[in-house]
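Take this structure first; my questions come after.
Naming convention: chains lettered A, B, ... in sequence-line order (proteins, then strands); numbering from 1 in each chain.
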Amino acid sequence: MRDGAPTTRAARTSVLIGLGLLAALWAIPLISEAAVEGPCDGSATIDGITYTPANDSPSNPIVIPDKEGLVAEWEGSTENPITNYKGSISVVVGPTSVKIADWSGSNYQEITSQQGSYDLDEIDMIPPGLWEVHAEHSGEGGTCSGNVMVRVEGNPLSQLPGQIAAGGTILALIGLVLAGKA
Amino acid sequence: MRGRPILGALSGLFLGLCVAVLLQQYGIRPLDNLSVIGFPTIGIILGLLMAKLAPFGSKS
């Protein structure tokens with residue numbers, strides 16, 4: 001054992017501690033939230049695959065393929081009419097969320113189910129990756145909320161966020177190495 | 001502390017954020033609380049440890 005072994009051991013220990021913390025963090029399971037809370041249900045068919053609120057984990061997300069001209073056929077229902085409603089969809093980013101759509105209305109016809117289609121080319125500005133999407137719909141008659149995972153397929157390095165993150169990772173690693181020099 | 005703690009902390013913070021974005025972009029983990037807060041925190045700790053234990057491999 002060399003004279004410098006204690007420092008080297010300490011350095012190795014610190015790196016191991018860091019990797020251990022990282023592994024512990026990684027091992028914390030992504031808690032799958034209750035699919036939908038409230039008297040609502042729905043589904044969407046994209047590229048021949050039907051998704052439900054059960055697609056709420058990173059291993060079982062709603063997949064939006066990197067193709068043009070895709071249309072999502074969707075349907076939604078409530079157990080009882082929800083009138084004077086309002087709702088929104090937002091993307092979860094850490095402790096906050098970014099609203100991407102909202103709606104409101106009276107539903108004076110007291111409709112309990114609806115269906116339609118959505119042109120997925122309209123969301124091609126969303127970078128590829130795994131997104132946690134939160135939706136809620138509330139009014140007189142009930143309140144519904146739920147989270148799903150959505151994976152937008154595509155090459156991350158072809159988009160600015162991915163390029164910045166990749167370049168930033170290299171720069172940050174260089175900075176860490178320089179921080180460890182006297 | 002013979003290293004550069006400020007550089008280490010900033011680099012660790014930036015590394016954690018970049019790793020969180022890369023994992024999200026590659027569809028591995030969403031930008032949840034653990035990614036957005038946990039990875040940068042670990043990065044800062046790593047950076048400070050690097051600075052505290054610098055220079056690596058030197059005789060003490």
Answer yes or no: are there more than 12 heavy-atom neighbours, outside L157(A) itself, under 6.0 Å from its atom CG? yes
query = Hey, is the main chain of G180(A) close enough, under 3.5 Å, to the side chain of R4(B) for a donor-acceptor pair?
reply =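 No, because the side chain of R4(B) does not come within donor-acceptor range (under 3.5 Å) of the backbone of G180(A).
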Heavy atoms of V21(B) and A165(A) approach each other most closely as CG1-CB, 3.7 Å
### Non-hydrogen atoms of Q25(B) and P127(A) that approach each other most closely
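Minimum heavy-atom contact is NE2-CB, 3.8 Å.
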Open item on the list: Please tell me whether V133(A) and W74(A) are part of a single hydrophobic cluster in this structure, the criterion being side-chain heavy atoms less than 4.5 Å apart.
Closed with: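 Yes, same cluster.
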- Query: Side-chain heavy atoms under 4.5 angstrom apart, residues restricted to Ile, Leu, Val, Met, Phe, Trp, Tyr: same cluster for I49(A) and V150(A)?
  - Reply: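 Hydrophobic grouping puts I49(A) with V150(A).
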Between G47(B) and L176(A), the two heavy atoms sitting closest are CA-CD2, 3.4 Å
Per-residue tally against chain A (heavy atom, under 4.5 Å) across L10(B), V36(B), L7(B), T41(B) peaks at L7(B)
side-chain contact (heavy atoms from CB on, under 4.5 Å) for I28(B) and L130(A)? Distances and angles first, verdict last.
CA-CA 7 Å; I28(B) 298 170; L130(A) 187 64; over 6 Å; no
Establish whether V63(A) and Y118(A) are linked, either directly or via other cluster members, by ILVMFWY side-chain heavy-atom contacts under 4.5 Å.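 They do share one cluster, since a chain of ILVMFWY contacts under 4.5 Å joins V63(A) to Y118(A).
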Looking only at heavy atoms, the pair that brings A54(B) and A179(A) closest together is CB-O, 4.2 Å
>> Donor-acceptor pair, distance only, cut-off 3.5 Å: does the side chain of E132(A) make one with the backbone of P30(B)?
In response: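 The answer is no, because no donor-acceptor pair under 3.5 Å joins these two groups.
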Does E68(A) CD have over 12 foreign heavy atoms under 6.0 Å away?
no
Y51(A) with I100(A), same ILVMFWY side-chain cluster at under 4.5 Å: yes
Greatest number of heavy atom pairs closer than 4.5 Å to chain B - which of G129(A), P128(A), G94(A):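 The answer is G94(A).
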message: In this structure, would L160(A) and L23(B) fall into the same cluster of hydrophobic residues linked by side-chain contacts under 4.5 Å?
response: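 No, L160(A) does not connect to L23(B) through the hydrophobic network.
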Pair count under 4.5 Å, heavy atoms only, with chain A: among G12(B), S11(B), A20(B), A9(B), highest is S11(B)
inquiry  = For Q115(A), I'd like to know if atom CD has over 12 heavy atoms of other residues, nucleotides or ligands within 6.0 Å.
reply    = no
When the 4.5 angstrom heavy-atom criterion is applied to I37(B) and chain A, the contacting part is side chain
query = What's the spacing between L17(B) CG and T169(A) OG1 if we round to 0.5 Å?
reply =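 These two atoms lie 10.0 Å from each other.
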Between L173(A) and L15(B), is a side-chain contact (heavy atoms from CB on, under 4.5 Å) present by the stated rule, with each step listed?
CA-CA 7 Å; L173(A) 284 172; L15(B) 178 67; 4.0 Å; yes
Honestly, the part of V91(A) sitting under 4.5 Å from a heavy atom of chain B is neither
